[in-house]
Amino acid sequence: MRIDSATRDQLQAWEKELSAQYQRICQHELNLDITRGKPSADQLTLSDKLDGILGGEYRAGDGTDTRNYGGLDGLTCAREMGADILQVPTAEVIAGGNSSLTLMYHAVLTGYLFGFAGNTPWREMKEPKFLCPVPGYDRHFAICEQLGIGLVNVPMTATGPDMDAVEQLVKEDQEIIGMWCVPKFSNPTGVTYDEVTVERLSLLGKIANPGFRIFWDNAYAIHDLEQQVNLPNLRTATIENDTVDCVLQFASTSKVTHAGAGVAFVSASPANLASLKQQMQAMTIGPDKVNQLRHSRLFPEFSMLKDHMKQHAKILQPKFALVLKHLGDAFGDSDLGEWEEPKGGYFVSFDTRPGCARAVVKLAADAGVKLTPAGATFPYGKDPEDRNIRIAPSFPPMEELDTAMSVFVLCVKLASVRNALES
């Protein structure tokens, strides 16, 4: 099916046929959900040994009694795990609670209220802004929106953010004080930043506002599907370019062990860590060290953590393959959509024809299949072309995912034909 070369009579015939198929599906009263990248029950079960793993022994290797207060930086063994994931020194890592999003919020709030490393607090600027590669992660945008920090779209390319646009914006506007990045298997496109992009990002500290910070959310650092995809080391690049203060890195075990009971990590320069810890001292007496110890006992060596992630990949690979097969079979020789074929992470990014995404999501919802809201992958929920839809294959069983994708491709076809008839 190719819309651009179709006659009106063909479009009307397709619309009639597709509408009949759609009405038959609606009669099934489905209740399927592919909205968010949650691990499946099978994935969560991989880490069930966490329960009881301490066997009543609560002392860490350095003698710390993890049941008690204290230890703002987190356990050394947990920080070592974060250092392995992020490929940074242990001394530059804080291990926290279960959510890296909490650490990101705390970091943005620190910059906004107090500033980093002696720089001007962002709240004192007339209109502080973050750069947002799009499509991107809605929860990043929500942090800035809640604090009144402006969001500026930057297009994503096959190798990362459009760096020509990034550099120009940072040079022209000194009130751009941050940038969101998901550098490996980017949410939702699956893109991994290449060496040139990472190098150019490391140089932004030389041309941006001194308080500018890159928020490097490396959520999928170890979430490869089949083969290892290497991400260039941003910290190494910033050391070489004398810009170490312009980056804060984040990761967690939320999609590694139990999603609601993991360990989160933030890594930064000593000056940035000092700024973060100054505020943390007023808000906490220390993280959940018992849970940190549980994770360190489950993965005493980084090689064991990597082997664990291969088990995740075995569960996820067939689901991604199923999604891509549905898309390929339905749209491989059509002009109804474009999509990425990710090598890891948790999402498949699909672009409809312009002006169709919201209609697809509504049609799917009415047929009993919940999708992430159209526009969610853009700041303020506004996709300027109304095209992008994020598909999350991880949570549902294969049979449900198969049904959900059958409904999805039908809704894309029907929305596309109706849009063309209205044009």
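Along the sequence shown, residues are numbered consecutively beginning with 1. Everything numeric here is computed off the predicted structure, so don't read it as measured data.
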Can you tell if the side chain of Arg390 reaches within under 4.5 Å of the side chain of Asn187, non-hydrogen atoms only?
yes

What closest approach, in Å, do Phe347 and Pro393 show between heavy atoms, and which atom pair accounts for it?
CA-CD, 4.4 Å

Between Asp138 and Thr377, do the side chains contain a donor N or O and an acceptor N or O under 3.5 Å apart?
no

Under the ring pair (Phe, Tyr, Trp, His ring centres under 6.0 Å) criterion, do Phe331 and Phe350 qualify, and how do the steps go?
CA-CA 11 Å; Phe331 309 121; Phe350 184 86; 5.5 Å; yes

Can a donor-acceptor pair be found, under 3.5 Å and without considering hydrogens, that links the side chain of Gln249 to the backbone of Asp217?
no

Please check: side-chain N/O of His308 versus main-chain N/O of Val256, any donor-acceptor pairing under 3.5 Å?
yes

Any side-chain heavy-atom pair from Phe114 and Ser275 closer than 4.5 angstrom?
no

Donor-acceptor under 3.5 Å (Lys184 side chain, Thr192 main chain)
no

Are side-chain N/O atoms of Gln23 and Gln27 paired as donor and acceptor at under 3.5 Å?
no

Cationic N near anionic O, under 4.0 Å, Glu167 to Arg200
yes

Do Ser202 and Arg235 pass the side chain to side chain donor-acceptor pair (under 3.5 Å) test, and can you show the C-alpha distance, the side-chain angles, and the key distance before you say yes or no?
CA-CA 8 Å; Ser202 75; Arg235 178 183 177 275; over 6 Å; no

Arg79 side chain to Pro89 backbone, donor-acceptor under 3.5 Å
no

Residues Phe130, Phe215; criterion ring pair (Phe, Tyr, Trp, His ring centres under 6.0 Å); working and verdict:
CA-CA 10 Å; Phe130 263 54; Phe215 282 66; 5.4 Å; yes

Quick one: do Asp335 and Arg353 make a salt bridge, cutoff under 4.0 Å?
yes

Got a sec: does the CD of Gln21 have more than 12 other heavy atoms crowding it under 6.0 Å?
yes

Check: Lys129 side chain, Glu127 main-chain N or O, donor-acceptor pair, under 3.5 Å
yes

Side chains of Tyr346 and Pro39: does their closest heavy-atom pair fall under 4.5 Å?
yes

Any side-chain heavy atom of Ile315 within less than 4.5 Å of one from Ser40?
yes

Any donor-acceptor pair under 3.5 Å from Asn153 side chain to Cys132 backbone
no

Would Glu15 and Ser19 count as having a side-chain donor-acceptor pair, cut-off 3.5 Å?
yes

Over 12 foreign heavy atoms within 6.0 Å of CD, Gln228
yes

Establish, from distance only, whether the side-chain atoms of Asp194 and Thr197 form a donor-acceptor pair under 3.5 Å.
yes

Is a side-chain N or O of Arg297 found less than 3.5 angstrom from the main chain of Ile53, in a donor-acceptor match?
no

Applying side chain to side chain contact (heavy atoms under 4.5 Å, CB included), run through Thr352 and Leu336 and close with a yes or a no.
CA-CA 6 Å; Thr352 68; Leu336 272 62; over 6 Å; no

For a quick test of reading the model, state the closest non-hydrogen atom pair linking Phe408 to Leu327 and the distance between them.
CE2-CD2, 3.9 Å

Flag the pair Leu248 / Phe116 as yes when at least one side-chain heavy-atom distance between them is below 4.5 Å, and no otherwise.
yes

Flag for Asp351-Asn388: side-chain donor and acceptor within less than 3.5 Å
yes

Does Lys343 make a cation-pi contact with Phe185 (under 6.0 Å, within 45 degrees of the axis)?
no

Say whether, by atom type as modelled, one donor and one acceptor occur between the side chain of Thr284 and the main chain of Met280 under 3.5 angstrom.
no

Can you spot which of Leu234, Val266, Val182, Leu86 makes a side chain to side chain contact (heavy atoms under 4.5 Å, CB included) with Trp216?
Leu234

Please lay out, stage by stage, how Asp366 and Lys362 fare under the test salt bridge (Lys or Arg N to Asp or Glu O under 4.0 Å).
CA-CA 6 Å; Asp366 290 345; Lys362 185 178 187 310; 2.9 Å; yes

If you define the side chain from C-beta out and look only at heavy atoms, does anything of Asn291 sit under 4.5 Å from Val263?
yes

Heavy-atom pair of closest approach, residues Tyr380 and Leu151
OH-N, 3.1 Å

With side chain to side chain donor-acceptor pair (under 3.5 Å) as the criterion, how do Asp245 and Ser269 come out once you've worked through the C-alpha distance, each side chain's angles and the decisive distance to 0.1 Å?
CA-CA 6 Å; Asp245 285 341; Ser269 68; 2.6 Å; yes

Do the side chain of Gln174 and the main chain of Asn209 share a donor and acceptor less than 3.5 angstrom apart?
yes

Is any side-chain N of the basic residue among Asp242 and Lys206 closer than 4.0 Å to the acidic one's carboxylate O?
no

Check whether Tyr105 reaches the backbone of His140 with its side chain - one donor and one acceptor, N or O, closer than 3.5 Å.
no

Does the side chain of Thr90 come within less than 4.5 Å of Asp84's, by heavy atoms?
no

Any side-chain donor paired with an acceptor under 3.5 Å for Thr35 and Asp33?
yes

Does one side chain, of His326 or Asp402, offer a donor that lies under 3.5 Å from an acceptor on the other?
yes

Is the closest side-chain heavy-atom distance between Leu322 and Lys319 below 4.5 Å?
no

